[in-house]
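Residue numbers start from 1 in every chain, and the chains themselves are labelled A, B, ... in the order their sequence lines are given, proteins ahead of strands.
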2 protein chains.
Amino acid sequence: MFQNAISIQAAPRGHAGGWSEDRQQHAASVLESLLLRWPPRVHRLEPRQALFHAGQPRHSLYYVRSGCFKTSVLSEDGREKITGFRMRGDLLGLDSVDMPAHACDALALDAAEVWELPCARLQDMLPEIQSRVTAMLAGEIRRDWRWMLAVGTLGADQRVVAFLLDLSARFATLGLDPALLQLRMTRAELGNFLSLTLETVTRALSRMQARGMIEVCGRRIRIVDEAGLRAVLAGEDARCH
Amino acid sequence: MFQNAISIQAAPRGHAGGWSEDRQQHAASVLESLLLRWPPRVHRLEPRQALFHAGQPRHSLYYVRSGCFKTSVLSEDGREKITGFRMRGDLLGLDSVDMPAHACDALALDAAEVWELPCARLQDMLPEIQSRVTAMLAGEIRRDWRWMLAVGTLGADQRVVAFLLDLSARFATLGLDPALLQLRMTRAELGNFLSLTLETVTRALSRMQARGMIEVCGRRIRIVDEAGLRAVLAGEDARCH
DNA sequence: CGAACCATTGATGAGGCTCAAAACTCGTGG
DNA sequence: CCACGAGTTTTGAGCCTCATCAATGGTTCG
């Protein structure tokens, strides 16, 4: 059951070399430059490949260098809940730093690259990244709380819009076009994260498209009218056309 | 708007003295003994008194010594989401350790006592409690995820039962009777936490009572048939009587 | 004793889930 | 190159759970 989820790849390329690829100073850059001071092990994953499963012994943290992951928890009777979608700059495995085993599943949604940070080595790096680990833990809590608020108080359309705007903002900080969203997850996964069914997600997207706020083409979504989306999110019943 | 939320009280009593009050070795004891090595400032709060509000400058962490708190986040347009109910052994303000201002509201639901841990002093205590802070942050994330799973996948009755069983387990670790739950929150607050309306909470409790699983008397709830509750939680449609 | 506040119960309706079917995408192999 | 099949997305129809609105009774506190 616990096959080796990842395959170890070549050592990281030269320390300055990794930098020149980047067009801009991303939010992720600060942490990355820190990590490059200790040569991290690099792993590449294929779409739908698991990085780790809940219950597996935890030896490392993983820094997401590229690609998109979903993290999820499972109940005893098999119900799944996706707790987040992780992209460049995120740390996987943080939620169980204090435990010997992972507390969630991490699955690559597309081709991805992660840098492994063995716990043993993590001790050496302290306290330089200790405060950053703490900050990322606290940040995860605040992010979770905001989604709990959204899921608990917003309607279906509003939740979907909130997701699109959130993703757009994350794209912006990563130097990507915030108006052109390339989703890496299925409607079912999106619905699971938002506590909706896949049909409801689809219908919400169709409604937004009918209002001319977005253009939907499968998993490619273009934001046409961000202000309109924000109005929907704010609850203003758009009477358009 | 930002009145002084708390009133400073007398210095803590002697270090060994605080211990003799405890009948048993609680889960909370380990952290408490640690904190007592630095004399913490003690604050007492009255029911419905705020410990801090979101946005207020953050100078300290607060250890809950007694009483019950609710922590909540607010959206721009006034929607509230209760993120948890905190009891003895919990730390308030952890979610914003990396920030200059609080990220949530903390409100005492009954008479409560907290120990203040100023950030300045926190530096001295490191690294002795550093690992504990990290563990509590990660633990909060896992707890949030489990509730996101419950709220996202369970029906109304199941959510209420999950809450009762969770509270019962917490009572047990605190040395209280796990079958006799004294709720400190209103039905509306409970519903908010579970993403239900207060009426739905009431009805769920009434149904469980009708099935003979609990006895409800206002905020006093006695668990009569824990196995039955677990069956409801597991989704087994109880066809009783 | 009155005034809030809280809890309970009922009636009604809407939002979203379930079930079902069809169109579409994509990788595989004939 | 096209056909096939699995997985995904879209759309429709009907139903069910839970939110909403409303009324009553209980409790606490000034």
Side-chain angles (χ1 to χ4, degrees), chain A residues 46-49 70 79-82 107 109-111 150-164 181-211 214-221 232 235 237, chain B residues 46-49 70 79-82 107 109-111 150-164 181-211 214-221 232 235 237:
Chain A
E46 315 201 338
R48 296 284 140 185
Q49 189 181 356
K70 74 168 183 182
R79 289 169 290 118
E80 182 190 21
K81 176 69 183 187
I82 295 175
L107 188 96
L109 296 179
D110 58 351
V151 167
T153 62
L154 298 179
D157 286 10
Q158 294 174 304
R159 292 185 213 177
V160 173
V161 168
F163 178 84
L164 294 179
L181 307 180
Q182 176 65 259
L183 303 190
R184 303 263 110 111
M185 70 291 296
T186 68
R187 298 286 191 265
E189 288 167 332
L190 189 37
N192 181 297
F193 177 65
L194 297 174
S195 288
L196 298 171
T197 59
L198 65 135
E199 295 96 328
T200 301
V201 172
T202 288
R203 275 187 254 267
L205 289 173
S206 297
R207 276 190 289 267
M208 296 305 116
Q209 187 174 33
R211 291 183 183 180
I214 59 176
E215 287 170 9
V216 181
C217 180
R219 297 193 188 171
R220 186 156 232 114
I221 296 180
V232 171
D237 246 4
Chain B
E46 314 202 338
R48 295 284 138 186
Q49 190 181 355
K70 74 168 183 182
R79 289 169 290 117
E80 181 191 22
K81 175 71 182 184
I82 294 175
L107 189 96
L109 296 179
D110 58 351
V151 168
T153 62
L154 298 179
D157 286 9
Q158 294 175 304
R159 291 185 214 176
V160 172
V161 167
F163 178 84
L164 294 179
L181 307 180
Q182 176 65 260
L183 303 190
R184 302 263 109 111
M185 69 292 294
T186 69
R187 299 286 191 266
E189 287 166 332
L190 189 37
N192 180 296
F193 178 66
L194 297 174
S195 289
L196 298 170
T197 59
L198 66 139
E199 295 96 328
T200 301
V201 172
T202 288
R203 275 188 254 269
L205 289 174
S206 297
R207 275 191 289 267
M208 294 307 116
Q209 188 174 34
R211 291 183 184 181
I214 59 176
E215 288 169 10
V216 181
C217 181
R219 296 193 189 171
R220 186 156 230 114
I221 296 180
V232 171
D237 245 4

Closest approach of B:Arg219 and B:Arg184, non-hydrogen atoms and distance?
-> NH1-O, 3.6 Å
For atom CD of A:Gln209 and atom P of D:dT10, their distance in whole Å = 8 Å
Are any side-chain N or O atoms of B:Thr200 and backbone N or O atoms of B:Leu196, one a donor and one an acceptor, separated by less than 3.5 Å?
-> no
Over how many whole Å does the gap from A:Arg207 atom CZ to D:dT11 atom C1' extend?
-> 12 Å
Whole angstrom is fine here: how far is it from CG in B:Asn192 over to P in C:dA7?
-> 14 Å
Output yes when a side-chain donor or acceptor of A:Lys81 lies under 3.5 Å from a complementary backbone atom of B:Gly152, and no otherwise.
-> no
So which protein N/O to nucleotides 21-26 of chain D N/O distances come out below 3.5 Å?
| unit_1 | atom_1 | unit_2 | atom_2 | d |
| --- | --- | --- | --- | --- |
| D:dC21 | N4 | B:Glu199 | OE2 | 3.0 |

If you look at every heavy atom in B:Phe193 and B:Ile82, which pair is closest and at what distance?
-> CD1-O, 3.3 Å
DNA chain C: 5'-proximal contact among B:Cys217 and A:Arg159 (nearest heavy atom) = B:Cys217
Non-hydrogen atoms of A:Ala204 and A:Val160 that approach each other most closely | CB-CG2, 3.7 Å
Would you classify B:Leu196 as touching base, sugar-phosphate or nothing, given that sugar-phosphate means primed atoms plus P, OP1 and OP2, and contacts are heavy atoms under 4.0 Å?
-> sugar-phosphate
Straight-line distance of A:Arg187 CZ to A:Leu205 CG, nearest 0.5 Å | 5.0 Å
Should A:Thr153 and A:Gln158 count as side-chain neighbours, where that means a heavy-atom distance under 4.5 Å?
-> no
For atom CE of A:Met208 and atom C1' of D:dT10, their distance in whole Å | 16 Å
To the nearest Å, how far apart are B:Arg220 CZ and D:dT27 P?
-> 14 Å
Pairwise side-chain contact, B:Met208 with B:Glu215, heavy-atom cut-off 4.5 Å (strictly under) | no
Every protein N/O lying under 3.5 Å from an N/O of nucleotides 6-9 of chain D:
| unit_1 | atom_1 | unit_2 | atom_2 | d |
| --- | --- | --- | --- | --- |
| D:dT9 | OP1 | A:Arg219 | NE | 3.0 |
| D:dT9 | OP2 | A:Arg187 | N | 2.9 |

Hey, is the side chain of B:Thr200 poking within less than 4.0 Å of OP1 or OP2 on D:dA19, counting only N and O atoms?
-> yes
